[in-house]
Amino acid sequence: MRIGYPCINRSVGCSGNHTFRLASYSEDRLVETVGRNLACLERMLRYNVEHGLLFFRITSDLVPFASHPVCRLRWQDHFGPALRRLGRFVKRHRMRISMHPDQFTLVNSPDRSILRRSISELLYHCDVLDAMELTGRAKIQIHVGGAYGDKPRSMSRFVRRYRRLEPRLLRRLVVENDDRIYTAEDCLGLSRQCGIPVLFDVLHHEVNPGGDAIASLLGRCAATWRRRDGLPMVDYSSQEPGARRGKHAETLDIRMFRKFLRDSRPHDFDIMLEIKDKEASALRALAAATDDWRLK
DNA sequence: GGCAGTCAAGTACGC
DNA sequence: GCGTACTTGACTGCC
């Protein structure tokens with residue numbers, strides 16, 4: 001078990017999420033922004049190693065507009081040495097990396113142009129991880145997509161489209177249950193058809209439940225990950241008290257987390273804490289898991 | 001310097 | 001068919 005957090009670190013004093021408006025796009029602006037983002041990514045990774053947080057999600061904003069037609073720069077080449085160096089750092093410290101394209105990436109959209117843009121976006125994410133020379137254990141997590149008024153048909157479309165993706169995408173993609181449409185049980189059904197590993201999201205499951213209890217689902221999701229995929233990944237958050245259902249907590253409820261650790265045994269996985277205060281909660285989670293045999 | 005409105009991209013839903 | 005909520009941090013223009 002590794003413990004981590006997504007994209008942003010509030011302690012290191014820099015942001016790796018710099019972007020800009022499409023209207024102000026220029027190659028100089030892109031190079032300058034990506035340079036700043038990579039410099040901050042390195043600081044966050046160093047912080048993580050120093051603090052024992054060995055799981056990290058890299059922001060999709062690392063290279064703004066990378067999949068947009070406006071971007072003509074071969075950023076993979078331009079920043080190749082820097083990305084390789086970061087990849088070596090990750091491997092040296094046995095860290096785990098993931099990425100999570102945003103809601104506009106829809107493999108199962110009936111609209112071919114949305115599919116085309118989604119594949120470009122997936123390839124961008126893949127390019128980042130490939131340029132870092134990370135193995136297939138570095139994952140890109142996506143949701144199934146929309147229901148489009150016919151959920152079974154939209155699930156079949158996902159399977160069909162998924163099977164046609166190129167191998168370098170297939171080795172990285174995993175599917176995650178969402179908080180409104182596709183449950184963990186739905187994702188397991190997709191996995192049976194096309195073999196995609198299932199990433200279990202604890203809060204999404206609580207908001208949009210389906211099938212078994214958490215412990216059983218963790219085991220069934222874990223069984224969809226092959227040796228070459230690495231340890232299963234799990235997204236963990238809890239509900240912010242008094243807020244809209246499904247809203248991520250501002251800070252980790254340590255009692256609930258301890259209960260989750262107990263209930264999830266004996267399954268082992270890497271856990272991403274999707275909590276607003278980021279590394280602060282991740283550190284508390286790490287402390288809470290100190291005595292857990294699963295912790296790396 | 002601070003603030004409010006806006007931002008590439010989509011879906012779902014209410015009217 | 002149109003407008004809006006969803007979700008979120010950063011950018012941008014305006015004061």
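The sequence lines fix the lettering, A, B, ..., with proteins before strands; numbering per chain opens at 1.
- When heavy atoms are screened at a 4.0 angstrom cut-off, S118(A) is found touching no nucleic acid atom at all.
- Spacing between dC3(B) and dT7(C) at atom P, rounded to whole Å, works out to 25 Å.
- For K276(A), a side-chain nitrogen or oxygen approaches OP1 or OP2 of dT8(C) to under 4.0 Å.
- Distances shorter than 4.0 Å separate none of the side-chain N or O atoms of S109(A) from OP1 or OP2 on dG10(B).
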Kindly give the atom pairs (protein nitrogen or oxygen, nucleotide nitrogen or oxygen) under 3.5 Å for nucleotides 5-7 of chain B.
unit_1: dT6(B); atom_1: O2; unit_2: R21(A); atom_2: NH2; d: 2.6
unit_1: dC7(B); atom_1: O4'; unit_2: R21(A); atom_2: NE; d: 3.4

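- dC11(C) and dA8(B) have their C1' atoms separated by 14 Å, given to the nearest Å.
- A donor-acceptor distance shorter than 3.5 angstrom exists from the side chain of S154(A) to the backbone of A147(A), with no hydrogens or angles considered.
- Side-chain N or O atoms of N108(A) include one that pairs as donor or acceptor with a backbone N or O of G146(A) at under 3.5 Å.
- Partner of Y5(A) under the ring-ring contact (aromatic ring centres under 6.0 Å, His included) criterion, out of F56(A), F55(A), Y47(A): F56(A) alone.
- Between the CD atom of E32(A) and the C1' atom of dA10(C) there is a distance of 14 Å, rounded to whole Å.
- Note: CZ (R36(A)) to C1' (dA10(C)) measures 11 Å, nearest angstrom.
- The backbone N or O of P101(A) sits nowhere less than 3.5 Å from a side-chain atom of T105(A) that would complete a donor-acceptor pair.
- Q141(A) and D235(A) share a side-chain donor-acceptor pair at under 3.5 Å.
- Nucleotide dA8(B) holds its P atom 14 Å from the CD atom of Q103(A), rounded to whole Å.
- Note: OH (Y124(A)) to P (dA9(B)) measures 17 Å, nearest angstrom.
- Y25(A) has its OH atom 19 Å from the C1' atom of dT12(C), to the nearest Å.
- Of the side-chain N and O atoms in S15(A), one or more sit less than 4.0 angstrom from OP1 or OP2 of dA10(C).
- No side-chain donor-acceptor contact under 3.5 Å links Q239(A) and H248(A).
- The aromatic ring of F104(A) does not stack onto the base of dG10(B), failing the criterion of a centre distance under 5.5 Å from the six-membered base ring together with planes under 30° apart.
- For dG9(C), one of the phosphate oxygens OP1 or OP2 lies less than 4.0 angstrom from a side-chain nitrogen or oxygen of R10(A).
- Checking dG2(B) for Watson-Crick or G-U wobble geometry (two distances, each under 3.5 Å) identifies dC14(C) as its partner.
- Relative to the side chain of K247(A), the nucleotides dT8(C), dG10(B), dA8(B) differ in distance, and dT8(C) lies closest.
- Among the atoms of the strands shown, none is found under 4.0 Å from any heavy atom of R116(A).
- Atom CD1 of I114(A) is separated from atom P of dG10(B) by 5 Å (rounded to the nearest Å).
- A close approach under 4.0 Å does not occur between any side-chain nitrogen or oxygen of H68(A) and OP1 or OP2 of dA9(B).
- The pair K139(A)-D229(A) counts as a salt bridge, with a side-chain nitrogen and a carboxylate oxygen less than 4.0 angstrom apart.
- One atom, CG of D61(A), and another, P of dA8(B), lie 12 Å apart when rounded to the nearest Å.
- With K151(A) contributing its side chain and I181(A) its backbone, the two residues share a donor-acceptor pair below 3.5 Å.
- Using N1 to N3 plus N6-O4 or O6-N4 for Watson-Crick, or N1-O2 and O6-N3 for G-U wobble, each under 3.5 Å, dT8(C) pairs with nothing.
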For R21(A) and S24(A): C-alpha separation, side-chain torsions, deciding distance, then whether side chain to side chain donor-acceptor pair (under 3.5 Å) applies. CA-CA 5 Å; R21(A) 298 288 190 255; S24(A) 35; over 6 Å; no
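- Counting non-hydrogen atoms under 4.0 angstrom, F65(A) reaches a base of the nucleic acid.
- Across all strands shown, dA8(B) forms no Watson-Crick or G-U wobble pair with both key distances under 3.5 Å.
- Looking at heavy-atom distances under 4.0 Å, D111(A) makes no contact with the nucleic acid at all.
- Of the side-chain N and O atoms in S24(A), none sit less than 4.0 angstrom from OP1 or OP2 of dC11(C).
- Among the protein residues, T105(A) comes within range of no part of the nucleic acid, since none of its heavy atoms lies under 4.0 Å from any strand.
- The distance from atom CD1 of I8(A) to atom P of dG9(C) is 6 Å, rounded to the nearest whole Å.
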